[in-house]
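Some notes on the structure that comes next.
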Amino acid sequence: MSFFEILTIIIPSTLLTAAPLIFTSLGGVFSERSGVVNIGLEGLMAVGAFTAAIATLGLEHAGLGDASPWLAIVIAAVAGGVFSLIHAVVSISFRADQTVSGVALNFLAAGLTIFLVKMIYDGKGQTPYITHNIDKINIPGLSKIPIIGPIFFQQVTYTSYLAILISLLVWFIIFKTPFGLRLRSVGEHPAAADTLGISVSKMRYIGVALSGVFGGIGGAVYLVTITSNYNVSTIAGQGFLALAALVFGKWHPIGAMGASMFFGFAQALSITGQQIPFLDRLPSVVMLTAPYVLTLIVLTGFVGRAEAPKADGIPYIKGQR
Amino acid sequence: MSRILKKINWMTLLIPVVSVILGLLCGAVIMLIIGYNPVLAYQSIVESIFLQPYYGGETIRAMIPLMLAGIAVAFAFRTGLFNIGVEGQLLVGWFASVACAICFDHLPKVILLPMSITAGGAAGALWGFIPGLLKARFKVHEVISTIMMNYIALYTTAYLIKNFLYTEGERTPTIPAAASLASTFLADLTQGSRLHWGFVVAIIAVFAMWFGLWKTTKGYELRAVGFSPDASKYAGMNVSRNIMLSLTFSGIFAGLGGAMEGLGTYQYMTINSAFTGIGFNGIAVALLGLNTPLGVVLSGALFAGLQTGGMTMQSEAGVPVELIQIIIALIIFFVGSGYVIKWAFGRLSRKGHK
């Protein structure tokens, strides 16, 4: 197998697995930049994936055809946003430990989604398969470009490119707009932001809600492009992988996107590695654990310091120094 | 007796009790909305675990790893550390104990059983030590590093089983009887439940946590670091070493929890594609138990009872067992929001005085 052929397998596969991670880790960026640790990304993805499954099935039934999965992603975004408000209320208004709240959010999402699936489908632990997923396609025009076309634009989904574009948009929002500045200020020094008239709670609520929206989209994209049905093992670690990507990307939108891409690459290799010479001799466990091991190494500071926003994880109480 | 009663801070006790009640109430409301009978559901749970020996035995059996996981989390909490890595430490402990038992199957029980249990604890210790080292040496936040360690444990144990200890049914071979904690006596007593001698280990662990943290100098240091790292450092304590020590001990408890599953409940280890959930439940157990040894026992009993009774709830009242997970999640939310519960009660009692 030539190197070129290897790339035409690996790159599209990377793009496919990276897209949900990119969306979810961008959600994490919003939340943590505002100073709220979000361990609950996993649960938000589960809610997104569950909602997407139910919504797609419903919309298909209503005869919306190929538009169903796209609309389902939008509905899942709303569901994720609403669900994340639990985390917001508990950790911002009720001043609970944010890690505790996040852990509980994951619990609740896992329990609630399967509970509802059993309610809706008479005790069955999984939804039926959706028939209209977002398929891998050759992007018209671009896929005809020699060399680049087959590698980057054949057998890919639109969601992957959407994810990349949105990560650029998120970078712009966070670093180039007044809103972004306020969001970052309540995550770095809430007391100073408060003095300047910025409502710390409001900004943090927005941050967490956006993480819910993006986590919901991430879960939905995972469902409509990869798994096609929702069951107890649909979202098994994807959210934590996105969390790792967020840290690996040093709490930066573009970094998170790059890290997600890299983790997607590692996952793609662990799945398609068997087809590729040299890699077939490498145990798959190396690829599977690579994202986590590398994140640990990055955190130790050997590859440049990764620092969380200063007030990340600390509830803000007015008047307390 | 009255002196002891006076010593208890009723306000702190209030939060877990109110949380449990609120959690169960919310569960009842969910059941009502969907159209189940909550009274029947809760009744089936209580009746099964208290009146049927099998479910009683299974409840105690489920308590064993939950208590150990709870102690692991609580121990780290006391030093101001949040160990989300109990899940991973439990998995490596489970694997190491089973692997040890299978590899040395020719040894007599007096040697093999303690050795296998120790292997589980040691593996957990290693898995706890690494985040401890990263925190102490490189200031890596333990929440992130322990999550990473969880996944490394999940994939690594699955890989090791698949390649070195594989047998039909996606699992390791069954461990030799010489390493088993299972007991026909206990099984007969509880009409065939999987109750095993591991509860002795869990009780020893609870005692060890109490004694270690409250009756030794080192324990005092660990708690001091939890209260205030800066003050401890000023007092001449080695904060870094205490952090490593705390997470290592935490890992030992978690690893023992895994060993109990391997040597007691299952007698083998399956290739896990997802987490067991025991480690995460351990967080709930520790929080609800206010990070005290006795509290861990009580909340461990509650969660074990809910989970075991959840099975009968599903068969008798038709309520999906996932409802239990929802209730546990809500209880964690309520315990976490203790500030609001205190505030609400403060308001209510003030109104009462007027």
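In what follows, chains are A, B, ... by sequence order, proteins preceding strands, each numbered from 1.
Between the CG atom in A/Leu108 and the CZ atom in B/Phe333 there is a gap of 5.5 Å [rounded to 0.5 Å]. Atom CG in A/Leu112 sits 7.0 Å away from atom CD1 in B/Ile30 (nearest 0.5 Å). Between A/Ile297 atom CD1 and B/Met148 atom CE the span is 12.5 Å, to the nearest 0.5 Å. Atom CZ of residue A/Phe115 and atom CD1 of residue B/Ile326 lie 5.5 Å apart, to the nearest 0.5 angstrom. Between A/Leu296 atom CG and B/Met149 atom CE the span is 6.5 Å, to the nearest 0.5 Å. Rounding to the nearest 0.5 Å gives a distance of 9.0 Å between CD1 of A/Ile39 and CD1 of B/Ile283.
Ranking A/Asn106, A/Val89, A/Thr99 against chain B, the residue ahead of the rest is A/Thr99, based on heavy-atom pairs under 4.5 Å. Of the listed residues (B/Ile331, B/Ile327, B/Asn281), the one with the most heavy-atom contacts under 4.5 Å to chain A is B/Asn281. In terms of non-hydrogen atom pairs under 4.5 Å with chain A, the most contact-rich of B/Gly277, B/Gly336, B/Ser145, B/Ser273 is B/Gly336. If you tally non-hydrogen atom pairs under 4.5 Å between each of A/Ala110, A/Ser233, A/Ala109, A/Ala236 and chain B, the highest count goes to A/Ala110. Of the listed residues B/Pro131, B/Ala329, B/Ala158, the one with more heavy-atom pairs under 4.5 angstrom with chain A than any other is B/Ala329. Counting heavy-atom pairs under 4.5 Å between each of A/Ala96, A/Ala104, A/Ser101 and chain B puts A/Ala104 at the top. Note on B/Ile152, B/Leu160, B/Ile328, B/Ile332: by heavy-atom pairs under 4.5 Å with chain A, the leading option is B/Ile152.
Residues B/Tyr36 and A/Met119 come closest through the heavy atom pair OH-CE, 2.7 Å.
For chain B, the nearby part of A/Ser93 is the backbone; its heavy atoms alone come within less than 4.5 Å. Interface remark: A/Leu241 contributes no atoms to any contact with chain B (heavy atom separation under 4.5 Å). Proximity to chain B (any heavy atom under 4.5 Å) is shown, for A/Val293, by both the backbone and the side chain. Interface remark: B/Val319 contributes side-chain atoms only to the contact with chain A (heavy atom separation under 4.5 Å).
At a heavy-atom cut-off of under 4.5 Å, chain A is reached by B/Phe82, B/Ile84 from residues 73-86 of chain B, listed in order of number.
In this structure, B/Tyr151 and A/Phe240 have tilted ring planes: the angle between them lies in the 30° to 60° band.
Identified under the salt bridge (Lys or Arg N to Asp or Glu O under 4.0 Å) test for residues 314-341 of chain B, with sequence neighbours left out: A/Lys118-B/Glu322.
Residues B/Leu330 and A/Phe107 fail the side-chain proximity criterion, which asks for heavy atoms closer than 4.5 Å. You'll find the side chain of B/Tyr159 stays beyond 4.5 Å of the side chain of A/Leu288, heavy atoms only. Between A/Tyr292 and B/Ile147, every side-chain heavy-atom pair lies at or beyond the 4.5 Å cut-off.
The neighbour count for B/Tyr166 OH, taken as heavy atoms of other residues, nucleotides or ligands under 6.0 Å away, is above 12.
A side-chain contact (heavy atoms from CB on, under 4.5 Å) with B/Ser337 is found for exactly one of A/Val90, A/Val100, A/Asp97, namely A/Val90.
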